[in-house]
Trainee: 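There's a structure below that I have some questions on.
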Amino acid sequence: MKIQMVDLKGQYEKIKEEVNAGIQEVISNTQFIKGPQIKSFEDALAKELQVNHVIACANGTDALQIAMMALDLKPGDEIILPVFTYVATAEVIALLGLTPVMVDVDPNTFCINTDLIESKISPKTKAIVPVHLFGQCANMDEIMAIAQKHNLFVIEDTAQAIGAVYTFKNGEKKGAGCMGTIGTTSFFPSKNLGCYGDGGALMTNDENLAKKIRMICNHGQSIQYVHDVIGVNSRLDSMQAAILNAKLPHLKSYETARNQAANWYDEILGNHPLVSIPERNSQSTHVFHQYTLKLKTPQGFEGNFRDEVRKKLAEKGIPSMVYYPIELHKQKAFSPFWDGKENFPVSEELCASVLSLPMHTEMNLEMSQFICGLVIEAIHDVQSIMNR
Ligand SMILES: *Cc1c(COP(=O)(O)O)cnc(C)c1O
């Protein structure tokens, strides 16, 4: 059985007609930039997420940068973010001359540890950027309460969690990316709602912010050749919007397929003494952008157990990934933002022990059983070498 980390070809085969028709239409009317597909996609996504405004842009990293520009964040402002995340979150903060302030994460849900946020707030703090990592929401009750108390913006990095729903303690339900001041997402091909190139979007319920975001995405232009603010050139191509229009109606069924695969993994791997299956945040649905488990190192093992298991798995033909092998503070590029002393013990532990298994919309029971069988075998192989 040939196993892939993601199967975009298999997914395409099932929606070929809609996708091809959409692409053909763009070619026929040649409005490759700012075609009608953009607005129809923005409107459809806004409806799907139940948010007032969706503004498409070129990618998820731009979306984060544009959000920070729209909120007038200025050099020296401090922005709180989890230390265990994809680099894009921190990159745009540094690029705008803002100061990333890193916070350790929860060992079970992998999202920012909200108990640690307040101790990092200073008079310079302007925003919190929670990352809804691997497909489930951070603790938004706590984050929104802290933000309100300290008058901070909340920019939700929803690149991995589009479609996830958070239930607040008062019973109110809101979509990932639609709870804070601005939400951002990515349509990178392997994301849960992926196009066939780069793409991204911002979500907000604030009409004035939406206008400003739209302006910034388009060179800060209010009317043609009139530039009110410094902007960027960041747009979603019509072709990508057409592909997203074809895929959006399937988002819910994709989420179901991912959850099904996760449940199969859980059932087989959940009893293994050296495996911790991903814990669900009881207040959020999980859209399983990644199925990420933690491997426990057996007593007396020298070296990195996870790395050895991953090597064995690869030999057996099973791809896997380490999201993420290095915490932000240990990255050379971010050394100016780390005092060299502060520890982030949970993130350090995660970087050494997490392993993401194949996860996509085309997974079936046989595949998950096959993968789990070989994961268990790989763990066993590494242990027997150790005991030799
Ligand atoms: C993918 C991703 C991004 C960036 O999205 P791009 O479209 O690749 O620029 C940002 N944040 C997180 C958490 C991501 O996973």
Side-chain angles (χ1 to χ4, degrees), residues 5-6 8 41 45 54-69 79-96 98 100 102-103 105-106 109-112 127-138 140 143 154-164 176-177 180 182-203 217 232-237 239-241 243-244 247 258 278 284 286-292 321-328 331 333-334 347 350-351 354 356 359-360:
M5 212 46 209
V6 289
L8 295 175
F41 172 65
L45 185 61
V54 168
I55 304 99
C57 68
N59 56 69
T61 309
D62 274 7
L64 284 161
Q65 179 179 332
I66 293 160
M68 290 173 200
M69 290 170 76
I79 314 297
I80 289 177
L81 80 162
V83 69
F84 184 69
T85 180
Y86 182 56
V87 69
T89 326
E91 189 174 55
V92 298
I93 296 173
L95 210 55
L96 292 174
L98 314 172
M102 299 173 269
V103 173
V105 297
D106 180 279
T109 64
F110 311 131
C111 289
I112 193 164
I128 306 175
V129 185
V131 180
H132 302 313
L133 205 70
F134 301 150
Q136 66 184 343
C137 296
M140 291 306 288
I143 290 167
V154 174
I155 302 169
E156 301 172 66
D157 184 343
T158 315
Q160 302 188 4
I162 193 103
I182 301 176
T184 65
T185 197
S186 163
F187 307 122
F188 184 82
S190 61
K191 298 282 158 86
N192 285 31
L193 180 61
C195 57
Y196 294 170
D198 274 313
L202 298 97
M203 290 80 79
C217 288
V232 294
N233 169 16
S234 184
R235 43 196 174 212
L236 185 70
D237 296 350
M239 200 89 86
Q240 301 305 339
I243 292 157
L244 290 165
K247 288 181 76 170
R258 287 171 177 275
S284 174
H286 203 317
V287 297
F288 283 101
H289 175 59
Q290 297 299 339
Y291 183 90
T292 303
M321 293 293 283
V322 175
Y323 300 117
Y324 295 94
I326 307 172
E327 323 83 304
L328 282 176
Q331 298 283 3
F334 291 91
S347 296
L350 292 179
C351 287
V354 288
S356 299
M359 172 52 79
H360 54 78

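Both counts, for ligands and for their atoms, begin at 1 and track the order of listing.
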Trainee: For the OG1 atom of T184 and the CG atom of D157, what is their distance to the nearest 0.5 Å?
Mentor: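 CG of D157 is found 4.5 Å from OG1 of T184.
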Trainee: Would you list the atom pairs, donor with acceptor, under 3.5 Å between side chains in residues 55-69 and any protein atom, with sequence neighbours excluded?
Mentor:
residue : atom : partner : partner atom : Å
N59     : OD1  : T61     : N            : 3.0
N59     : OD1  : D62     : N            : 2.6
D62     : OD2  : S234    : OG           : 2.7

Trainee: Checking Q160 now: which residues fulfil side-chain hydrogen bond (donor to acceptor under 3.5 Å, both in side chains) with it, not counting sequence neighbours?
Mentor: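 Per chain and number, Q160 pairs via side-chain hydrogen bond (donor to acceptor under 3.5 Å, both in side chains) with Y324.
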Trainee: Between N192 and V287 (side chain of the first, backbone of the second, donor and acceptor by atom type, cut-off under 3.5 Å), is there such a pair?
Mentor: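 Yes, the answer is positive, given that a donor and an acceptor are paired below the 3.5 Å cut-off.
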Trainee: With sequence neighbours left out, what residues match T292 under side-chain hydrogen bond (donor to acceptor under 3.5 Å, both in side chains)?
Mentor: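 Result, side-chain hydrogen bond (donor to acceptor under 3.5 Å, both in side chains) vs T292: S356.
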Trainee: Indicate yes or no: at least one non-hydrogen side-chain atom of Y86 is less than 4.5 angstrom from one of V131.
Mentor: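 No, side chains not in contact.
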Trainee: Using a 4.0 Å cut-off on heavy atoms, what residues surround ligand 1? Order them by chain and number.
Mentor: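 The answer is N59, G60, T61, Y86, A88, V131, D157, A159, Q160, S186, K191, G199, counting any residue whose heavy atom sits under 4.0 Å from ligand 1.
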